[in-house]
Amino acid sequence: MAAMDLRQVADAFHERVPDLVDSLTKQMREVPSGSVATYGQLAQALGDTAASRWVATWLLEADCPLAEISHRVVRSTGEIGLHFSGDVSEKKRRLQNEGVVVSGGKVELGRFQVELPAIQAPLAALKAWQNEFVCPQAAPLDLNAVQTIGGLDVSYTGHQAVAVCSRFEADGTSPLGHASRCQEVRFPYVTGYLAFRELPLHLELLAQMQTEGTLPDLLLVDGNGRLHPRRMGIATMLGGLTGIPTIGIAKKKICGVMLADQLSPGVWEPIVEAKDQANDILGYTILPHAKTKHPLYVSIGHGIDSDEMQEVVSRSFAGHRSPEPIYAADRESRRIASTLATA
DNA sequence: GCGACAG
DNA sequence: ATCTTGTCGC
């Protein structure tokens, strides 16, 4: 594939990422005094109930611009839930002041729940993007032609994020150095949408590396690839956007089930959507070594097949839970993030 | 009560 | 991911 201009790819992607805080703010204006909405209802209005936890935690943040009306958002059970002041009775007081009846710690939703007007649902649009995204045809990977492998990870200090790409030789365990990029992050973490939070960083970093001539031939990405509710995890989207072969490496399972009953150190076990779909392998789980009880979840990103993926990841293990490129990127990004903490 | 889902 | 003390083990 002809080399992509990653500067342009990064700009185009950034352009398409919506501002969820803006959308939530607009929705909250539709919840008047004397009525309530639920966390899930607001998330659904944004396009996916998967965002309900983010809605709840965002409204609890001390510096949230919506704090003064956050008492109007309650749980789907009618329980009033938590309040940013740290005092639940304060939330109850505010609700009662606005005419909302709270009895037994609960609000009668049938009587007080607001009806939200259907508007632009940013998460629904992103979900559609994931479903429709087609990775450009990639040339078959020649593992012997791979010179360098990169590990990509991100650490945070508040809303400041630090992305690091750790470069390694093709053996997967010989370090060559790091490249890093710091940036403000607005998009929240919502299960299934990690790409929209972290890809802007990764793409900026890779565009920078392309300029320096240090772009790796293969990338290990923190997060999933095909092992994703819509088969479009961050590793897959990154590979499709850049044309660089990618592998997704996750420490926790996002979906699917393991076919086998047991896990043995060093053995790759397929993950499928359900046990009656054994022919459609989404990814693999593996215990890197006998010392760990917690497995890794590895899946194809883009431009590489399962055998090659297992070969590359297996030879990148060196005593840590994660493959060395990911482990190194994790440590370096945390180091830099801790540097920014008091700055 | 059960299930639990990347960073 | 981050917030956090001590504690167990190489």
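Chain identifiers are assigned alphabetically (A, B, ...) following the order of the sequence lines, protein sequences preceding nucleic acid strands; residue numbering begins at 1 within each chain.
- Aromatic stacking is not marked for A/Tyr156 over C/dA1, as the cut-offs of 5.5 Å for the centres and 30° for the planes do not both hold.
- Of the side-chain N and O atoms in A/Tyr297, none sit less than 4.0 angstrom from OP1 or OP2 of B/dA6.
- What separates CG of A/Leu60 from C1' of C/dT2 is a distance of 16 Å, to the nearest Å.
- Rounded to whole Å, the distance from NE2 on A/His159 to P on C/dC3 is 13 Å.
- Atom NZ in A/Lys251 sits roughly 10 Å away from atom P in C/dT2 (whole-Å rounding).
- Aromatic ring centres of A/Tyr193 and A/Trp129 lie farther apart than the 6.0 Å criterion allows.
- Nucleic acid contact class of A/Arg334 (heavy atoms, under 4.0 Å, all strands): sugar-phosphate only.
- Shown here is A/Gln262, whose CD atom has no more than 12 heavy atoms of other residues, nucleotides or ligands within 6.0 Å.
- When distances are taken from the side chain of A/Lys253 to each of B/dC5, B/dA6, C/dA1, the shortest belongs to B/dC5.
- Counting non-hydrogen atoms under 4.0 angstrom, A/Tyr193 reaches a base of the nucleic acid.
- Of the listed nucleotides (C/dC10, C/dT2, B/dG7), C/dC10 has the atom at the smallest distance from the side chain of A/Lys291.
- Applying side chain to side chain donor-acceptor pair (under 3.5 Å) to A/Arg94 and the options A/Glu98, A/Glu90, A/Gln96 leaves one that passes, A/Glu90.
- Side-chain N/O atoms of A/Thr292 and A/His294 include no donor and acceptor closer than 3.5 Å.
- Atom CD in A/Gln160 sits roughly 15 Å away from atom C1' in C/dA1 (whole-Å rounding).
- The shortest distance between side-chain heavy atoms of A/Trp58 and A/Leu66 falls below 4.5 Å.
- One finds no side-chain N or O of A/Arg197 lying less than 4.0 angstrom from the OP1 or OP2 phosphate oxygen of B/dA6.
- Residue A/Ile234 has its side chain nearest to B/dA6 when only C/dT2, B/dG7, B/dA6 are considered.
- Between A/Asp222 atom CG and B/dG7 atom C1' there is a gap of 7 Å when expressed in whole angstrom units.
- Of the candidate nucleotides C/dA1, B/dA6, C/dC10, B/dA6 has the atom nearest to the side chain of A/Ile254.
- Across the protein-nucleic acid pair, A/Ile326 atom CD1 and B/dG7 atom C1' stand 12 Å apart, rounded to whole Å.
- Taking atom CG of residue A/Asp153 and atom C1' of nucleotide C/dT2, one finds them 13 Å apart after rounding to whole Å.
- One finds a side-chain N or O of A/Thr191 lying less than 4.0 angstrom from the OP1 or OP2 phosphate oxygen of B/dA6.
- At the heavy-atom level, A/Asn224 lies under 4.0 Å from base atoms of the strands shown.
- At a threshold of 4.0 angstrom between heavy atoms, the contacts of A/Gly192 include nucleobase atoms, whether or not backbone atoms are also involved.
- If you measure from atom CE of A/Met232 to atom C1' of B/dG7, you get 19 Å, rounded to the nearest angstrom.
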